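Below you'll find the structure, written out as structure tokens, and then a few comments.
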Amino acid sequence: MAHRNPSIGFVLTTLVLLATVCDAQLSSKFYDSTCPNALSTIRTVIRTAVSKERRIAASLIRLHFHDCFVQGCDASILLDDSSSIESEKTALQNVNSVRGFNVIDQAKTEVEKVCPGTVSCADILAVAARDASFAVGGPSWTVKLGRRDSTTASKSEATSDLPLFTDDLDTLISRFEKKGLTARDMVTLSGAHTIGQAQCFTFRGRIYNNASDIDAGFASTRQRGCPLVVSEDNDKKLAALDLVTPNSFDNNYFKNLIQKKGLLHSDQVLFSGGSTDSIVSEYSKNPTTFKSDFAAAMIKMGDIQPLTGSAGIIRNICSSIN
């Protein structure tokens, strides 16, 4: 009769317990007793912001995404430059494009009025993304809470890890896999582009190169809003990533890709004869599946390396550790 090594069982049990404890530290009920009005306070700020400018919804979802991909979901993206911090805001993928900081600051200000020093900026980012999605017809989901805020930022990690509009499919898949997300999660989360906008310099090359992976009529239409001549003003001209229903969270983004009407190179590669074509096709036909998968992927993304327990701090002001 084989004898079981008790030390192996102990190690396995310890690992399971550690994983369980780590996961259990995030809970949708985290503020139920310490700040019961936290979520409703944040929701009011987000609804007001979206009612003034629907574009801000996509910006808030992207802000949470760009936070979680660098050091985990720790609100490091909100920190400004200081003597000890090189801000992630100035990384190539963020500079002059990531926005919504003022909305997060407003939410933090309002939450501080009802529960001083209690709710983290990292959790506000997560809740704001959910509320922004729902405000423009997207899915809602239960946000797990209990993240704490970092005291550091990493411009270098933002530069190396955040997706670029020039990325090919394999690069995109590997970037997401590095964060524990699958290729399907990547396609799902890219669907948030259905309410997003892009600056001319990010898609100029694509709409003027007469390539086989772009619809000629679509390219011609987009050229009218994005001149070939490079200048500071032209580079910043905005265009909706989804021309059909730019203000609604729906599955038209995926329908556009099938018609070779993806605005960014990194969008169109999702439907270009590669491994993710079938996922794009599925979402183009099943908006309900897309929305439910999007909610699940956002929850999964929100679990990336949170600071919990005694790690990190609760910042009084989201842009500073002081």
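Residue numbers count from 1 along this sequence. Just so you know, these numbers come straight off a predicted model, no measurement behind them. FYI, side chains are in, hydrogens and waters are out, and symmetry mates aren't considered; it's all heavy atoms of this structure.
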Notebook entry, point to check: Can you check whether Thr276 reaches Phe271 side chain to side chain, under 4.5 Å on heavy atoms?
Noted result: no

Check: Any donor and acceptor pair, going by atom type alone, linking the side chain of Ser87 with main-chain N or O of Lys89 inside 3.5 Å?
Finding: yes

Next item on the list: Indicate the atoms forming the closest heavy-atom contact of Gln259 with Asp215, along with that distance.
Entry: O-CB, 3.7 Å

Margin query: Tell me if a side-chain donor or acceptor on Asp67 pairs with a main-chain N or O of Leu63 at a distance below 3.5 Å.
Written below: no

Note to self: Would you say Asp74 and Ser76 are linked by a side-chain donor-acceptor pair, where the criterion is simply a distance under 3.5 Å?
What the structure shows: yes

Next item on the list: Could you tell me if the ring centre of Phe249 sits under 6.0 Å from that of Phe290?
Entry: yes

Note to self: Quick check on the hydrophobic clustering: are Phe134 and Ile42 connected, directly or via other members, by side-chain heavy-atom contacts under 4.5 Å?
What the structure shows: no

Margin query: Using side-chain contact (heavy atoms from CB on, under 4.5 Å), reason through Asp235 and Val230 one step at a time and then give a plain yes or no.
Written below: CA-CA 6 Å; Asp235 287 357; Val230 175; 3.7 Å; yes

Item checked: Test log, rule side-chain contact (heavy atoms from CB on, under 4.5 Å), inputs Ile195 and Arg54 -> CA-CA 9 Å; Ile195 53 169; Arg54 283 184 78 84; over 6 Å; no

Next item on the list: Output yes when a side-chain donor or acceptor of Ser133 lies under 3.5 Å from a complementary backbone atom of Pro139, and no otherwise.
Entry: yes

Notebook entry, point to check: Do Asn234 and Arg204 have side-chain heavy atoms sitting under 4.5 Å apart?
Noted result: yes

Checklist line | Validation row: Asp242, His193 side chains within 4.5 angstrom (heavy atoms) | finding: no

Check: Checking Gln106 side chain against Ala49 main chain: does a donor-acceptor pair fall under 3.5 Å?
Finding: no

Note to self: Restricting to non-hydrogen atoms, name the atom on Ser140 and the atom on Arg130 that form the minimum distance, rounded to 0.1 Å.
What the structure shows: OG-CD, 3.2 Å

Item checked: Shortest non-hydrogen separation from Val119 to Glu112 and the atoms involved -> O-OE2, 4.4 Å

Check: Checking Lys237 side chain against Cys200 main chain: does a donor-acceptor pair fall under 3.5 Å?
Finding: no

Next item on the list: Provide the closest heavy-atom pair for His265 versus Asp168 in the form atom of the first, atom of the second, distance.
Entry: NE2-CA, 4.3 Å

Item checked: Same apolar cluster: Phe65 and Leu79, side chain cutoff 4.5 Å -> no

Next item on the list: Determine the minimum heavy-atom distance between Asp161 and Lys178, stating which atoms define it.
Entry: OD1-NZ, 2.9 Å

Next item on the list: Taking the side chain as every heavy atom from C-beta outward, state whether Lys300 and Asp185 have any atom pair closer than 4.5 Å.
Entry: yes

Next item on the list: Locate the shortest heavy-atom distance separating Thr308 from Arg148; write the atom from each residue and the value.
Entry: C-CD, 4.1 Å

Note to self: Between Asp293 and Thr188, is the side-chain hydrogen bond (donor to acceptor under 3.5 Å, both in side chains) condition met? List the steps.
What the structure shows: CA-CA 7 Å; Asp293 282 3; Thr188 306; 4.7 Å; no

Note to self: Before you tell me yes or no, could you show the steps for Cys318 and Phe101 under side-chain contact (heavy atoms from CB on, under 4.5 Å), namely the whole-Å CA-CA distance, both residues' side-chain angles and the distance that decides it to 0.1 Å?
What the structure shows: CA-CA 9 Å; Cys318 289; Phe101 300 108; over 6 Å; no

Notebook entry, point to check: In this structure, which one of Asp123, Thr118, Asn37 forms a side chain to side chain donor-acceptor pair (under 3.5 Å) with Tyr31?
Noted result: Asp123

Note to self: Assess, by modelled atom type and distance only, whether the side chains of Asp250 and Thr194 contain a donor and an acceptor separated by less than 3.5 Å.
What the structure shows: yes

Check: Backbone N or O of Phe254 within a donor-acceptor pair of the Ser284 side chain at under 3.5 Å?
Finding: no

Notebook entry, point to check: Are Ile258 and Ile279 co-members of a hydrophobic cluster defined by side-chain heavy atoms under 4.5 Å apart?
Noted result: yes

Item checked: Side-chain touch Asn94/Glu88, heavy atoms, less than 4.5 angstrom -> yes

Check: If you measure only the distance, is there a donor-acceptor pair under 3.5 Å linking the side chains of Thr151 and Arg315?
Finding: no

Margin query: I'd like to know if the side chain of Asp167 reaches the main chain of Leu172, judged simply by a donor and an acceptor atom lying under 3.5 Å from each other, with no hydrogens or angles considered.
Written below: no

Check: So do Ile56 and Arg99 actually touch side chain to side chain, heavy atoms under 4.5 Å?
Finding: yes

Margin query: What I'd like to find out is whether the side chain of Pro163 reaches to under 4.5 Å of the side chain of Phe176, using heavy atoms alone.
Written below: yes

Note to self: Would Arg147 and Leu26 count as a side-chain contact (heavy atoms from CB on, under 4.5 Å) here? Give the steps.
What the structure shows: CA-CA 7 Å; Arg147 300 169 192 81; Leu26 291 186; 3.8 Å; yes

Notebook entry, point to check: Between Gln71 and Thr152, is there a donor-acceptor pair closer than 3.5 Å when you use the side chain of the first and the backbone of the second?
Noted result: yes

Item checked: Single-linkage hydrophobic cluster Trp141~Ile304, side-chain heavy atoms < 4.5 angstrom -> yes

Check: Is Ile61 close to Met298 at the side-chain level, that is, under 4.5 Å between some pair of heavy atoms?
Finding: yes

Check: In the single-linkage hydrophobic clustering (I, L, V, M, F, W, Y; side-chain heavy atoms under 4.5 Å), do Leu264 and Tyr253 co-cluster?
Finding: no

